[in-house]
Amino acid sequence: MVAIRPLVSQANPPRISPNFSHHIKPSLESREITLKALHSKLSRRVGAIATLASVLLAGDAIFNKEFANGLDFSLVAPEQTIEEAEIEIRGHARELLEVKALLDSESWKVAQKELRRSSARLRQDLFTIIQGKPGRERPPLRKLYEDIFTNVSHLDFAARDENASLVRECYKNIVVALDDLFSII
């Protein structure tokens, strides 16, 4: 019995693993799949970095006022004072009301362009005035601001749809709101 015992203790029986894949050398196909996955992750990262860099570099050009074809993103002109806004608001309101001639002649596209141009200036002036007023004086001005520019938007859509009756109604609402505004200012 003594002779058998050293043989059994020295022998290492092979262990059978439930997962045989780690004992098998990776095939060429599995290496290609691993390389493709690595390349895919790398190319996604490079793509994301390139996209982010292009957005950051092109952001200035995209949001530059010179390239914003008719869209004015600023509400308050940094160089405009409240006094200047109060002086200019009447002229810009007059320009907005002069759109009536274009609306009456049913020059819809030209009227829309002029409406957008003049309302942007009026919006900037009115917003500057609202920001300069004390807190207790702002709510009625904000309400008039909302009334004016909601009707300007509706008027723009009505002109697009060539709906003459809705155009007249929106224009009348704008006139009433501007009269209320000038009685407060």
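Just so we're clear, the structure is a prediction, and the values are computed from it rather than from any experiment.
The stretch residues 84-95 participates, sequence neighbours left out, in these side chain to side chain donor-acceptor pair (under 3.5 Å) pairs: Q80-E88, H92-D125, E95-R121. Listed by first and then second residue, the side chain to side chain donor-acceptor pair (under 3.5 Å) pairs involving residues 132-144 are K143-D147 (not counting sequence neighbours). Screening residues 147-174 for ring-ring contact (aromatic ring centres under 6.0 Å, His included) gives Y145-F149 as the qualifying pairs, with residues at least two apart or on separate chains. Pairs of residues two or more places apart, or lying in two chains, that qualify as side chain to side chain donor-acceptor pair (under 3.5 Å) and include a residue from residues 155-167 are Q112-D156, R116-D156, N163-S165. Listed by first and then second residue, the salt bridge (charged side-chain N to carboxylate O under 4.0 Å, His left out) pairs involving residues 103-115 are K100-D104, E114-R117 (not counting sequence neighbours).
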Tell me which donor-acceptor pairs under 3.5 Å the side chains of residues 172-185 have, and how far apart each pair is, sequence neighbours excluded?
from	atom 1	to	atom 2	distance (Å)
N173	ND2	N151	OD1	3.2
N173	ND2	E169	O	3.4
S183	OG	D180	O	2.6

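In this structure, CG in L126 is found 8.0 Å from CG in L144, a value given to the nearest 0.5 Å. The distance from the CD1 atom of I89 to the CD1 atom of I87 is 12.0 Å, given to the nearest 0.5 Å. Atom OG in S119 sits 11.5 Å away from atom CD in Q124 (nearest 0.5 Å). In this structure, CD1 on I148 lies 6.0 Å from CG on L122, to the nearest 0.5 angstrom.
The residue from L155, T150, V152, L103 that alone fulfils the side-chain contact (heavy atoms from CB on, under 4.5 Å) condition with C170 is L155.
Of all the heavy atoms in G135 and P139, the pair that sits closest is O-CD, 3.3 Å.
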